[in-house]
Amino acid sequence: MAKIKAIRLEEALLEEGLISQADLDAALVQLAEGDQTLEQILVKAGTIDVKKLIQIKGKVLGLRVIDLTSFPIPAEAATSVPEYLARKHHFIPVIKREETITLAMADPLDIDAIDAVERHSGCRVETMLSSETEIRDAIRTFFGVFGQINTLLEQTARDRLEMEAEPLENNNVDLTSLEGPIAQIVNLIITQAVNVGASDVHLEPLEDRLRVRFRVDGLLQEVLSFEKIYQAALASSAKIMCSMDIAEKRVPQDGRFRVMVNGRAIDLRASTFPTMNGEKFVFRILDKESANIDLSQLGIRTQEYEKLSKVIKQPHGLFLVTGPTGSGKTTTLYSVLKEVNTPRVNILTMEDPVEFDLDTVNQGQVNVKSGLTFAKGLRAMLRQDPDIVMIGEIRDNETAEIATQAALTGHLVLSTLHTNSAPGAVARLTDMDVEPFLVASSLAGVLAQRLVRRLCQKCKKPYKAQPEMLQRLGLLDDFDFQFYQPVGCRECGRTGYRGRAGIYEVMFPNEKIRSMIIARKSTGELREQAMSDGMLTLQMDGIDKAVAGISSVEEVLRVAGGE
């Protein structure tokens, strides 16, 4: 049967023009001499791309091709057969229904594998086609952490899902010391999230299941789902770890705890939100290493970095970092604090909440219940003989006015705003009823930023930009631009991206811009003047990073294309 398949595949590849007769003859010689399959020989030789090969193979066999890098495989499906069978016959179950299991296979004609699954499960087997590499990666994923989770679920009697642990005395938790399979499952979920570099973990109650999603490189991806019956026990276990009230389910709660993962202390900030289907949890993973980045390592252009270094070392002025939630503003501010923190200065912060503990920096936290707001905290800090104050965010008129006044009276004030661009910070402050002359006099600089996904340096592929793309980007089509595109490999989990990088837009007001602020000129006019003074927009900085191979044009346009 395998021989018939190979002959049909050869003919299809020749008919499509994907290989030549010479390529095929050379591959057949190797096939006769070794133990590799024809497909492995062709791909290894670079004769044909593996994705094109799989598509043709799917047509030959009349099977659907499945991309395992983007298909959300439920853990209960993937681990519904023993690990040894999946590894021996090289398949991964992707869909599990009552009487049917669908397998993703590199060789769907492996009758021994299909018979083994049918005997073990008592279910009828359907097959889909996928690449050997994608199946290997899926097996490693699901029979690792998620396989352990499935084993724990099997050990847990469904009618005894009650959390018996008592509330913990402090927030330093070694999850491995907690007893009970449900606590171990939460431990494994968090451990896996840290291992894959996730910034957030979402536990989301849906109508018929509990969904687990990780935010990796800024994008959410479903990694696991539980039957509805486990929802209450998982919620109770998570609340105990966070020192929350396990009996309260009607109002949102916040908590915090610390875990040890691979010998590293990882802080997590947790929050709950009541929904129609139960309480939704989000764990924000606060890795201390991200707060220990030098300002020079953020990826700000050398020219802007040099100006920025001078601004933040001035004795007074207001410096703002702007951008949407999750754009890395806090990391940038902490990098600034690290740059200016010396034994000769007194630094105080007011944050909501304090995400990272900084050595020799006096950090305070907003407490709305007790009446400690940003404005009240800022007033108190100014009575503490500060040189530098950092406010987590300017949200209201009172805080904005105190901040600008402080910047004019001998203090360096650092803060964040939610605006789309650097010039937009001016309009945001004046919308808060801060007088334009105060804004013009106090504003030392504004840095707007976004985060784009980094191309995987192992597999990125160069290509020459087409005229249509250059026109869309506003670039000269007579210049030979080379960009890079994502490919996907084992190192990046087949996504083509690994990690994130910042793109920046930095405005340093000069006398012309200050005069325009006092004259209440629009954001567009301020933007044009700043650009004529040499400011690069977010998209321009992103394109520079795309040309340098740091990110892709598509990623830059996704993040900053609408600026």
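The figures here come from the full heavy-atom set of this structure, side chains too, leaving out hydrogens, waters and symmetry mates. Bear in mind the structure is a predicted one, so any value in this text is a computation, not a measurement.
Remark: side-chain polar atoms of R450 are paired, donor with acceptor, to backbone N or O of N420 under 3.5 angstrom. D541 contributes a side-chain N or O that, together with a main-chain N or O of Y504, makes up a donor-acceptor pair within less than 3.5 Å. A distance-only check finds a donor-acceptor pair linking the side chain of K460 to the backbone of G549 [under 3.5 Å]. One N or O on the side chain of Q363 and one on the backbone of F356 form a donor-acceptor pair closer than 3.5 Å. Between the side chain of T399 and the backbone N or O of R395 there is no donor-acceptor pair closer than 3.5 Å. With K313 contributing its side chain and L308 its backbone, the two residues share no donor-acceptor pair below 3.5 Å. Q365 places no side-chain N or O within 3.5 Å of a backbone atom of E351 that could act as its donor or acceptor partner. With hydrogens and angles ignored, the 3.5 Å screen pairs a side-chain donor or acceptor of R514 with a backbone N or O of A440. No side-chain donor-acceptor contact under 3.5 Å links H411 to the backbone of D387. In terms of modelled atom types and a separation under 3.5 Å, the side chain of E505 and the main chain of L447 share no donor-acceptor contact.
Here the closest heavy-atom approach between residue A77 and residue P93 is recorded as O-CB, 3.1 Å. Of all non-hydrogen atoms in S421 and T523, the two that sit nearest each other are OG-CG2, 4.3 Å. The two residues V354 and G364 have their closest heavy-atom pair at CG2-O, 3.6 Å. In this structure, M507 and A422 approach most closely via the heavy-atom pair CB-CB, 3.9 Å. Across I517 and P436, no two heavy atoms sit closer than the pair O-CB, 3.4 Å.
No donor-acceptor contact under 3.5 angstrom links the side chains of E393 and S415, judged on distance only. For the residue pair S309 / E306, no side-chain donor-acceptor distance below 3.5 Å is found, with atom types taken as modelled.
A salt bridge is absent between R213 and E222: the closest approach of a Lys/Arg side-chain nitrogen to an acidic carboxylate oxygen does not fall below 4.0 angstrom. No salt bridge links R453 with D217; every basic N to acidic carboxylate O contact stays at or beyond 4.0 Å. Between D294 and K338 there is a salt bridge, with a side-chain nitrogen of the basic residue lying less than 4.0 Å from a carboxylate oxygen of the acidic one. Salt bridge annotation for R301-E304: present, with a cationic side-chain nitrogen under 4.0 angstrom from a carboxylate oxygen.
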* To do: Please step through side-chain hydrogen bond (donor to acceptor under 3.5 Å, both in side chains) for the pair T191 and N195, ending with a clear verdict.
  => CA-CA 6 Å; T191 299; N195 287 340; 6.0 Å; no
* Asked: Could you walk me through whether V65 and M128 pass the side-chain contact (heavy atoms from CB on, under 4.5 Å) check?
  -> CA-CA 6 Å; V65 175; M128 293 183 181; over 6 Å; no
* Residue pair M540, D544: steps toward the side-chain contact (heavy atoms from CB on, under 4.5 Å) verdict -> CA-CA 6 Å; M540 290 175 180; D544 279 353; 5.8 Å; no
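Note that the CG atom of D396 and the CE atom of M432 stand 7.0 Å from one another [nearest 0.5 Å]. How far CG of L68 is from OG of S131: 7.0 Å, rounded to the nearest 0.5 Å. The CZ atom of R215 sits 15.5 Å away from the CZ atom of F283 when rounded to the nearest 0.5 Å.
Annotation: side chain of R64 is not in contact with side chain of L129 (no heavy-atom distance under 4.5 Å). At a threshold of 4.5 Å between non-hydrogen side-chain atoms, the residues T430 and V434 do not count as touching. Side-chain contact between Y497 and E555 is present, with at least one heavy-atom pair separated by less than 4.5 Å. For the pair T331 and I293, the minimum side-chain heavy-atom distance is below 4.5 Å. Looking only at side-chain heavy atoms (C-beta outward), T360 and N341 come within less than 4.5 Å of each other. For the pair Q485/S552, no side-chain contact is recorded, criterion being any heavy-atom separation below 4.5 Å from C-beta on. In this structure, the side chains of F281 and C242 stay at 4.5 Å or more apart for every pair of heavy atoms. Put simply, the side chain of N362 does not reach to within 4.5 Å of the side chain of I347, judged on heavy atoms.
Summarising the local packing, CD of E511 is surrounded by 12 or fewer heavy atoms from other residues, nucleotides or ligands at distances under 6.0 Å.
Partner L412 forms a side chain to side chain contact (heavy atoms under 4.5 Å, CB included) with one of V311, V345, I388 and no other, that one being I388.
The aromatic ring centroids of Y463 and Y484 lie 6.0 Å or more from each other.
Shown here are the side-chain hydrogen bond (donor to acceptor under 3.5 Å, both in side chains) partners of T322, two or more places apart in sequence or in another chain: T419.
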